[in-house]
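So the structure is just underneath, and the comments pick up after that.
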Protein chains: 2
Amino acid sequence: MRKITIRDIAREAGVSPSTVSRVINNSAPVSKELKERVLSTIKKLGYNPNPIAQSLRKGFTNTIGFIIPDITNPFFSLIVKGAEEYLKRKKMFLIVCNSNHSVKEEERLLQTLMERKTDGLLFIGAGNRNKIISTSLDKMKIVFVDRVYEKCKAPYVVSNNYKGMKNLIDYLVDTGHKSFVFLNGEKNTYSAKERLRGFLDALKEHKIEEYEVVFGQFTYESGFALAKGLKKIPDAIVCGNDLMAYGAIDALEERGYKVPDDVSVTGFDDLPFSKHYKPSLTTVRQPFYEMGYEAAKILYRLINSKPNIETNVVLETKLVIRETAKPKGGRR
Amino acid sequence: MRKITIRDIAREAGVSPSTVSRVINNSAPVSKELKERVLSTIKKLGYNPNPIAQSLRKGFTNTIGFIIPDITNPFFSLIVKGAEEYLKRKKMFLIVCNSNHSVKEEERLLQTLMERKTDGLLFIGAGNRNKIISTSLDKMKIVFVDRVYEKCKAPYVVSNNYKGMKNLIDYLVDTGHKSFVFLNGEKNTYSAKERLRGFLDALKEHKIEEYEVVFGQFTYESGFALAKGLKKIPDAIVCGNDLMAYGAIDALEERGYKVPDDVSVTGFDDLPFSKHYKPSLTTVRQPFYEMGYEAAKILYRLINSKPNIETNVVLETKLVIRETAKPKGGRR
DNA sequence: TTGTAAGCGTTATCAA
DNA sequence: TTGATAACGCTTACAA
């Protein structure tokens, strides 16, 4: 019960291995007669080409890697789903790798994917201190998703964090909020920086000077801890993402504050769950699925050197008004 | 800037390629002197063996696949994390694949992983109608996780769904619940069947005959829809998993029922979020992380034909009592 | 202990 | 249009 090879097919069909290869790959004209004979013996013997041998010879693998910081965060896995959808159609194989928020692990994965001659990479970085990512760019096509490395010129797909945050703050100011705290995520992260920029610009425009910015991580636990430690409770607590908002709300309620009556809390992402959270979360929707889909598309076109319409994509976000932010009246 | 091969190292170090190979793999004795020379030139030229060539020659890939039904469900991704942890230590590469609840997609992935000579597979099936999984067992080591295929004799790691559910029902009966509805997940799924068995056995023991069982899917949406359609509201609504419970609670509240005052609702899994849900969820904790870790361990030992302590593992669950179930008094 | 050479299963080049 | 042959980069008999 040995594995069937191209030679078996050749022998059985009475042709040379090269002819079989040509039929499989449509890489050169083969007479109709031989083609049919080859095709039918392939079917008869149930032959499948060995992808490893193909890769060794061809130098590519029909494989895309996707490195994400946290497989358990729905935000990332929903992006993956979008990429998956596109690549499935293109018959590419997607390998999902979890760096677990560790730059070191991320470097290890990057290394492995390069050695294995992955054709391209979709990349959501764990921070901005990855040392080998720049050198990787020469060896592999990479598209950055959600988080951009300012240091390296490379295609990216992100959402408009700046504008998303700005619109949110505009809304909060319009509804009477006068003092703010921003519980932000990882300081070095692109998205955290962009959101901060939006936050600060908006406040400046509205001439609001009563605010504070704190950095933590994009997790429930971090949101909880930061909100626990807050000295002064402002009108609105703006969180780096939805998970942090969940954490902050729980912490505030433990401290005896009612959300949104005593303090408004907002998120960023609009995870599917945020609609069902109690109280339901006022937040900014990011187009996860589309982000993954677009990034995969760009990467695919890059790999196959098709002209790309646009390799730097900024997708728009949408303000989602729900219950955790409530108009503040004559307070203070 | 060509890629460095084993031949380059051999030439530079003044030895044969086989010697270099021997040094890399420790596959045969090499004199101390040559060994050092080889090692230092490897370092000097920054050489890494080509894993594809190695795989072609050796017939294995140091790669494990993990097929899961839904990458966005934390339950599955937490299991993956456990497996990841173990395999990282063993220097194995883990490929996560998402079947998206589709048996067809699952078959496609299985096929691909086999062709690519993945050394082993961790498998959480999307249903029980996969046609090629049995034949795959000859070609690849497979460990079933969370869901067993009764049809095929293969190692598995599951949690004790039966006992977990039975204990839950015992608790509900003890706290005065007298009528039940079970909103279960996919009918053909191992875990759904086991939980149902526990449910029915417990009720029988307590001589309770007022109950109903409905099947849906293990998703929020399904829980919501099933609860919406319920004719009679019982004392307790037992859900197939936590996500379904979230959906059911929302549906019930939309219908004007208070949880747990009017009706108790329970989940199964104890997702990290269930503690923070409002009201916090009474549920059954499954040891996700451990499930993944144990499964990876068994698979690894199987691949390297080390004696396995035990290849069929049933991990215990734990009843987690929180707010969504409330003692029912003299009702009805 | 070391080197030579064959082979893993393909595909690309060249000649016919 | 087809076939023989070399090569992709490595490991492993086998010979020395």
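Source: prediction; values computed, not measured. Lettering follows sequence order; numbering is per chain, from 1.
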- For B:I52 and D:dG9, give me the distance from atom CD1 to atom P, rounded to whole Å. 10 Å
- Does a side-chain N or O from B:Q54 land closer than 4.0 Å to OP1 or OP2 of D:dT11, or not? yes
- What integer distance in Å separates B:N25:CG from D:dA13:P? 13 Å
- Query: Roughly how many Å is it from NZ in A:K35 to P in D:dT2, rounded to a whole number?
  - Reply: 10 Å
- Quick one: B:F60 CZ to D:dC10 P, roughly how many Å, whole number? 15 Å
- Message: Measure CG/A:N50 against P/D:dC8 and give the value in whole Å, please.
- Response: 18 Å
- Message: Going 5' to 3' along DNA chain C, between which two nucleotides do contacts with chain A fall, using a heavy-atom cut-off of 4.0 Å?
- Response: C:dG9 to C:dT13
- Message: Counting the atoms with a prime plus P, OP1 and OP2 as sugar-phosphate, which does B:S31 contact under 4.0 Å by heavy atoms, base, sugar-phosphate, or nothing?
- Response: sugar-phosphate
- Would A:S16 and A:T19 count as having a side-chain donor-acceptor pair, cut-off 3.5 Å? yes
- Check the side chains of A:T61 and A:D119 for a donor-acceptor pair under 3.5 angstrom, ignoring hydrogens and angles. yes
- Query: Is there a donor in the side chain of A:D70 and an acceptor in the side chain of A:T72, or the other way round, less than 3.5 Å apart?
  - Reply: yes
- Message: Under 3.5 Å, is there a donor on one side chain and an acceptor on the other for B:N98 and A:E84?
- Response: yes
- Salt bridge or not for B:E105 and B:R108, using N-O below 4.0 Å? yes
- Message: Within the 4.0 Å heavy-atom criterion, would you say B:T5 contacts the bases, only the backbone, or no part of the nucleic acid?
- Response: sugar-phosphate
- Message: Can you identify which nucleotide, out of D:dT2, D:dA4, D:dT11, has its nearest atom closest to the B:K58 side chain?
- Response: D:dT11
- Task: Give the rounded distance in Å between these two atoms: CZ of B:R22 and P of D:dC14.
- Result: 14 Å
- Base, sugar-phosphate alone, or nothing: which one does B:Y47 contact when heavy atoms must sit under 4.0 Å apart? sugar-phosphate
- Please state how far atom CZ in B:R7 lies from atom P in D:dT11, giving the value in whole angstrom units. 12 Å
- Check whether the side chains of A:T189 and A:S191 place a donor and an acceptor atom closer than 3.5 Å, and report yes or no. no
- Query: Which residue, B:S16 or A:S18, contacts DNA chain C at a nucleotide closer to its 5' end, judged by nearest heavy atom?
  - Reply: B:S16
- Message: Which nucleotide wins on minimum distance to the side chain of B:R57, given the candidates D:dT11, D:dC10, D:dT1?
- Response: D:dT11
- Query: Taking CZ from A:R116 and P from D:dG9, how many angstroms apart are they, rounded to a whole number?
  - Reply: 17 Å
- Query: With a non-hydrogen cut-off below 4.0 angstrom, is B:L34 in contact with a base, only sugar-phosphate, or nothing?
  - Reply: sugar-phosphate
- Looking only at side chains, do B:T41 and B:E12 share a donor and an acceptor under 3.5 Å apart? no
